[in-house]
Amino acid sequence: MINGGLLRVLRQSGGALRMATSLPPKYEPPAATVGMVELDRRAFDHVARFPALLVPSSNVGRVLPHLKSCLLKLPRFRPVAQHDASRKAIVLCKSAEEMSESELGVLEREQLQLTEKEVTIGYENLTFQQVTSLILPQQMSLSGFSQVGHIAHLNLKQEVLPFKHVLAQVLLDKVPTVRTVINKTREIGQDSTFRNLPFEVLAGEHDTMVQMVEHGTKFHFDFAHVYWNSRLGDEHRRLVGKMRPGHVVYDPFAGVGPFAVPAANKGCRVLANDLNPHSVHWLRHNLRLNRVPDGRATVHNLDARQFILEHVAHDLTNNRRDGHEDEAAGCQQMTCHVPMNLPGSAHTFLECLLQLDTTHVLMMVHLYCFVHKEGPLEAIRQLVSAGLGRPIDESTFSQWEVHEVRNVSMSKNMYCVSFPLHSVRSCLPSADSPQPPQVKKAKLDVC
């Protein structure tokens with residue numbers, strides 16, 4: 001079974017903004033805005049004439065409720081304004097021919113006559129999508145942006161780079177919660193062992209300290225030194241939803257805690273790890289910030305293999321010795337989860353799990369990966385087979401859950417495959433068994 005992932009709203013999905021952009025009624029795009037590289041807000045002004053009603057000020061409250069669908073609605077525009085000492089003008093988006101019978105009945109009953117009023121539609125009345133569509137040449141489009149706290153993160157195509165500063169200023173103007181606009185300059189992992197995002201600040205404050213809330217969990221971190229992807233918020237909630245009080249979570253690529261912190265908060269015991277010392281610092285901070293009780297979460301700053309082979313193995317041994325009882329299942333079996341959110345290379349760490357003694361343990365592995373959209377299930381099966389060093393037969397694989405997390409590019413999706421570790425222990429390699437496919441080690445890539 002393959003579950004469809006949910007796409008975010010346009011500004012977070014990476015879809016081209018031009019595709020969904022429509023302009024206000026009667027707005028004719030000024031030629032001066034096309035190709036603009038320095039923001040001139042007045043260049044967007046266009047004067048148009050709209051139907052209007054002149055209504056005695058004392059009667060507006062009686063008339064307005066019946067004409068709501070007729071009002072001209074634009075950002076930062078009030079369709080009702082004082083016209084003279086005794087009357088107010090109500091600006092409409094409909095002519096008499098476009099009004100319903102009930103709306104025309106209001107005009108007749110109140111003895112109101114339609115007239116026209118000049119309205120200047122300007123920069124302040126246009127949305128971010130509308131302004132960017134007016135700036136960029138026709139053959140160009142702007143991919144969406146994602147927002148991390150007060151930071152808006154752009155990922156501009158090469159041909160759009162000459163417009164990067166003007167687009168960043170528009171974004172700063174149009175989204176009140178944004179104070180800093182950045183653009184990715186290179187692929188993640190090219191210049192660092194860690195999953196840091198190489199970026200430049202295009203507009204606003206040079207402040208990368210983020211404070212945000214994701215599904216009720218608070219997070220603080222320095223975006224310049226750790227990895228975070230706001231597009232994965234629903235995925236974090238989905239996976240944590242599978243964890244129950246009393247379960248154990250072994251998180252080898254924990255980052256600042258998008259799985260570890262909410263899991264600990266709901267009563268799981270957590271062993272978390274990350275190679276990046278900055279991530280570890282903020283993970284510990286976020287555990288305290290969310291008032292996770294002492295002793296419920298342990299944090300390490302190690303290579304994932306060392307974490308698994310030493311600390312996870314030691315914890316499993318201790319739980320067998322102590323006769324751990326799974327509170328959720330009410331039996332002599334510990335249930336644990338291993339989220340492996342390093343999609344570019346997490347499969348290369350799977351063989352470490354096979355070295356663990358998981359007697360009386362239900363270990364659920366949640367492996368994230370990138371694969372091409374064509375034939376994803378077979379590609380995932382081959383990737384897992386390569387990581388485990390043994391072929392996974394189709395019958396076994398068909399019992400696993402494969403969840404489509406999100407669209408990454410035109411040809412690539414991100415998936416999460418969840419399976420119990422004991423289901424692969426029977427797939428023992430032998431002299432007669434076909435060898436697992438040789439998958440070229442992926443470059444450090446992240447979602």
Side-chain angles (χ1 to χ4, degrees), residues 1-10 12-16 143-144 146 155 187-189 195 227 229-242 252-253 258-259 304 337-354 363-424 426-427 433-447:
M1 177 179 67
I2 183 165
N3 301 320
L6 296 176
L7 291 180
R8 288 289 203 171
V9 294
L10 179 62
Q12 293 190 342
S13 69
S143 295
S146 54
N155 188 7
E187 291 301 316
I188 295 174
R195 297 189 287 173
Y227 177 77
N229 191 334
S230 291
R231 296 173 183 173
L232 296 178
D234 288 343
E235 177 60 17
H236 297 153
R237 179 168 60 177
R238 182 193 73 87
L239 193 61
V240 173
K242 295 177 177 292
F253 314 106
F259 294 121
H337 299 267
V338 186
M340 304 184 74
N341 187 20
L342 190 67
S345 57
H347 66 283
T348 65
F349 294 85
L350 285 174
E351 52 84 20
C352 297
L353 299 179
L354 291 178
M363 178 173 283
M364 291 299 302
V365 180
H366 309 283
L367 177 75
Y368 289 88
C369 58
F370 294 133
V371 298
H372 287 284
K373 294 180 179 179
E374 294 185 8
L377 295 181
E378 179 59 21
I380 293 170
R381 185 172 73 89
Q382 291 191 20
L383 196 72
V384 175
S385 295
L388 291 168
R390 59 188 65 187
I392 303 301
D393 59 79
E394 293 184 6
S395 175
T396 299
F397 184 75
S398 67
Q399 303 302 311
W400 297 355
E401 178 189 17
V402 178
H403 176 76
E404 181 183 328
V405 178
R406 73 178 188 94
N407 174 63
V408 177
S409 67
M410 293 292 290
S411 61
K412 185 169 63 176
N413 280 347
M414 177 182 175
Y415 295 87
C416 176
V417 54
S418 297
F419 58 93
L421 188 65
H422 66 75
S423 68
V424 304
S426 60
C427 302
S433 299
Q435 293 300 306
Q438 295 299 309
V439 178
K440 183 179 179 181
K441 185 173 180 180
K443 67 178 181 179
L444 183 61
D445 198 2
V446 293
C447 53

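Counting only heavy atoms from C-beta outward, the side chains of Glu235 and His403 approach each other to under 4.5 Å. When side chains are defined from C-beta on, Leu354 counts as touching Arg390, because their heavy atoms get closer than 4.5 Å. Between Pro258 and Leu232 there is no side-chain heavy-atom pair separated by less than 4.5 Å. Residues Tyr368 and Val405 meet the side-chain proximity criterion, which asks for heavy atoms closer than 4.5 Å. Looking at heavy atoms from C-beta onward, Arg406 lies in side-chain contact with Asn229 at the 4.5 angstrom threshold.
With sequence neighbours excluded, the residues satisfying salt bridge (charged side-chain N to carboxylate O under 4.0 Å, His left out) with Glu394 are Arg381. Residues that satisfy the ring pair (Phe, Tyr, Trp, His ring centres under 6.0 Å) test with Phe253, not counting sequence neighbours, are Phe349. Listed by chain and number, the residues in a salt bridge (charged side-chain N to carboxylate O under 4.0 Å, His left out) with Lys242 are Glu401 (sequence neighbours excluded). Partners of His422 under the side chain to side chain contact (heavy atoms under 4.5 Å, CB included) rule, at least two apart in sequence or in another chain, are Leu362, Pro420. Under the side chain to side chain donor-acceptor pair (under 3.5 Å) criterion, His236 pairs with Glu214, sequence neighbours left out. Qualifying side chain to side chain donor-acceptor pair (under 3.5 Å) partners for Glu351, counting only residues two or more places apart in sequence or in other chains: Gln355.
Judged purely by atom type and a 3.5 angstrom limit, Ser409 uses its side chain to pair as donor or acceptor with the backbone of Lys412.
In terms of heavy atoms, Ser385 sits closest to Ile392 at OG-N, 3.0 Å. Heavy-atom minimum distance, Ser418 versus His366: OG-ND1, 2.7 Å.
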Check the pair Ser423, Trp400 against side chain to side chain donor-acceptor pair (under 3.5 Å), reporting the backbone distance first and the verdict last.
CA-CA 9 Å; Ser423 68; Trp400 297 355; 3.1 Å; yes

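Inspection of the Lys373 and Asn407 side chains reveals an N or O donor paired with an N or O acceptor under 3.5 Å.
The CG atom of Leu350 sits 6.0 Å away from the CG atom of Leu353 when rounded to the nearest 0.5 Å. In this structure, CG in Leu367 is found 6.0 Å from CZ in Phe419, a value given to the nearest 0.5 Å. Here His347 contributes atom NE2 and Gln382 contributes atom CD; the two are 11.5 Å apart, rounded to the nearest 0.5 Å. Summarising the geometry, atom SG belonging to Cys369 is positioned 4.5 Å from atom CD1 belonging to Ile380; distances are rounded to the nearest 0.5 Å. With rounding to the nearest 0.5 angstrom, the NE2 atom of His337 is 12.0 Å from the CZ atom of Phe259. Taken from SG in Cys416 to CG in Asn341, the straight-line distance is 8.5 Å, to the nearest 0.5 Å.
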